[in-house]
Amino acid sequence: MDKQTDFVLRTIEERGVKFVRLWFTDVAGTLKSVAIAPAEVEGAFAEGLGFDGSAIEGLARTYEADMLAVPDPSTFQILPWRGEIDPTARMFCDIQTPDGQPAAADPRNVLRRALAKASDKGFSFYIHPEIEFYLLKSSQIGPEGPIPVDKAGYFDNVPGGTAHDFRRKAVTMLEQLGISVEFSHHEGGPGQNEIDLRYADALTMADNIMTFRTVIKEVAIEQGVYATFMPKPFTEHPGSGMHTHMSLFEGDTNAFFDPSSQYHLSKTARHFIAGLLRHASEITAVTNQYVNSYKRLWGGGEAPSFVCWGHNNRSALIRVPLYKPNKGGSSRIEYRAIDSAANPYLAYALILSAGLKGIEEEYELPAETEDNVWDLSESERRAMGIQPLPTSLEHAIRKLEESELAAETLGEEVYSYVLANKRREWAEYRAQVTPFELKQNFEVL
């Protein structure tokens, strides 16, 4: 028995843990959970926990239904919202086939494969997301639409306000789960908040994001409000993004940093950015996976709509933040398209693969965009070679269908499922008669 497994079993006994939840994520990015008794944990480590994979979105076809959830002991944490009565813990799982092979359709395994490819080239991938979400008075939607908990704006301090207390409780709970928080503040929309997680390796961070969403939902329930990660719940207010800062490291050295180059960006960083720009439209159906995601991308509120990069340019898809003197380790780039509802395992696997492709093929980085892209005319953008991101889920699906990079990174099963799932969503959306149509047309036609 290794040290981590021994630590988990000892902690379960010492803390009187009554239930252990085994967590994993389906292809759509929904967290799944099954609770087992403490007596079953050692067996789960040794043999996995069997379940019917065909009942989980995209995980297995009916004829290959048997799957094993194998807990990862390094992810063991006591769940603070369960309290001291019947303490409950959780572990993330890797999904395997009955013969012990990694399941091709396990999103965590998709990211592991991408990270292994990076590791073969000597790189480790670190990320730091800024996660936005809305706090609403209720999950019920009345005739006026969702009702936010406040009318505050960007960085506003609201003495005694719901969001203020909420963030304090949420951050405390995240820290109790071993998830370090860098910043938290009120965002631009009423009831909109942002919490930034301190950087970690990509697999740990994807696990942390799944935990984060659960914590935010649990704290909201506890405080009598409702939290949503919907990309654009309000027409007139900004959407919720998950701007992600990222860098590659070679050992302890930041491979994105070169003190002698412009903006201190190394050749590796420039090729990585070029790869992301070239493949951005192909991966958008995953980084922005819902019909509603495109209301955020094309609905204003500082969401990136065009494929370009710039130094500290917040209208660009990729921003190169200001360099902090004597902090080469902090050199990074920020990808601004991804939204808070993405499946982090698949999204980060594709972002990494696009960047690595740029490094492998030595893609040339196009000129930076210094202008505010939103203020340029269409002909000006065309003259500068600035292409739009997909304008709808249907457009994004077409780009994904043409993407060899996405097919290779996701693997045949996940790639096929994502396409089928998104085609179904678009077909259902397209068939809807919306309030907009009724308001515009009902009385005049």
Side-chain angles (χ1 to χ4, degrees), residues 129-130 132 153-154 187-189 192 194 231-232 234-246 256 262-265 269-290 292-323 331-342 347 350-351 354-355 358 363-396 398-400 403:
E130 303 172 345
E132 296 172 344
Y154 188 66
E187 251 300 331
Q192 190 181 32
E194 176 179 308
K232 183 85 162 140
F234 299 99
T235 301
E236 66 276 25
H237 301 307
S240 292
M242 189 165 67
H243 299 166
T244 297
H245 297 249
M246 61 193 75
F256 280 4
Q262 187 185 32
Y263 308 140
H264 303 286
L265 281 178
R270 298 177 76 83
H271 290 320
F272 191 96
I273 296 170
L276 262 181
L277 291 174
R278 185 177 298 191
H279 298 287
S281 291
E282 301 167 33
I283 67 175
T284 303
V286 175
T287 58
N288 305 80
Q289 67 167 330
Y290 295 104
N292 183 250
S293 297
Y294 298 83
K295 306 296 174 71
R296 168 184 167 255
L297 287 181
W298 292 95
E302 293 196 358
S305 310
F306 298 95
V307 181
C308 58
W309 75 280
H311 178 54
N312 223 29
N313 184 346
R314 293 182 183 276
S315 70
L317 173 63
I318 297 174
R319 183 176 78 95
V320 179
L322 289 167
Y323 169 67
S331 284
R332 62 199 189 279
I333 65 171
E334 177 190 11
Y335 192 74
R336 296 171 62 80
I338 185 171
D339 63 42
S340 299
L350 285 170
I351 286 171
Y363 291 169
E364 194 66 36
L365 182 63
E368 70 169 302
T369 303
E370 296 178 355
D371 304 284
N372 184 328
V373 191
W374 300 304
D375 291 344
L376 298 173
S377 68
E378 193 171 332
S379 58
E380 285 173 326
R381 284 192 291 264
R382 198 181 303 119
M384 296 168 70
I386 298 173
Q387 298 294 317
L389 280 172
T391 56
S392 67
L393 182 60
E394 180 191 31
H395 186 188
R398 290 203 307 269
K399 292 290 186 182
L400 184 64
S403 177

Roughly how far, to the nearest 0.5 Å, is [atom2] of [Y] from [atom1] of [X]?
X: Thr244; Y: Ile338; atom1: OG1; atom2: CD1; value: 4.5 Å
X: Leu393; Y: Arg398; atom1: CG; atom2: CZ; value: 10.5 Å
X: Ile351; Y: Phe272; atom1: CD1; atom2: CZ; value: 8.0 Å
X: Gln192; Y: Phe234; atom1: CD; atom2: CZ; value: 9.5 Å
X: Lys232; Y: Trp298; atom1: NZ; atom2: CH2; value: 14.0 Å
X: Leu389; Y: Ile283; atom1: CG; atom2: CD1; value: 9.5 Å

Only one of Asp339, Thr284, Asn288, Thr287 passes side chain to side chain donor-acceptor pair (under 3.5 Å) with Ser293; say which it is.
Asp339
Positive for side-chain contact (heavy atoms from CB on, under 4.5 Å) with Leu276, one of Val307, Ile318, Leu317:
Ile318
Is the backbone of [Y] close enough, under 3.5 Å, to the side chain of [X] for a donor and an acceptor to pair up by distance?
X: Ser315; Y: Trp374; result: no
X: Arg270; Y: Leu265; result: no
X: Ser340; Y: Gly241; result: yes
X: Arg296; Y: Ala303; result: no

Which heavy-atom pair separates [X] from [Y] by the least distance, and what is that distance?
X: Tyr363; Y: Ala274; result: CB-CB, 3.5 Å
X: Glu282; Y: Arg278; result: OE2-O, 3.9 Å
X: Met246; Y: Phe256; result: O-CE2, 3.5 Å
X: Ala342; Y: Val286; result: CB-O, 4.0 Å
X: Tyr294; Y: Pro390; result: CD2-O, 3.5 Å

Verify side-chain contact (heavy atoms from CB on, under 4.5 Å) between His245 and Arg319, making sure each step is shown before the conclusion.
CA-CA 9 Å; His245 297 249; Arg319 183 176 78 95; 3.9 Å; yes
Could you give me the CA-CA distance, side-chain angles and deciding distance for Asn313 and Glu370, then say whether side-chain contact (heavy atoms from CB on, under 4.5 Å) is met?
CA-CA 7 Å; Asn313 184 346; Glu370 296 178 355; 5.7 Å; no
Any side-chain donor-acceptor pair under 3.5 Å between Glu132 and His243?
no
Can you classify the ring geometry of His311 versus Tyr263 as parallel (below 30°), tilted (30 to 60°) or perpendicular (above 60°)?
parallel
Evaluation steps, side-chain contact (heavy atoms from CB on, under 4.5 Å), between Met384 and Phe306
CA-CA 12 Å; Met384 296 168 70; Phe306 298 95; over 6 Å; no
Counting only heavy atoms not in Glu364, do more than 12 fall under 6.0 Å of its CD?
no
Any Arg332 side-chain heavy atom under 4.5 Å of Pro321 side chain
yes
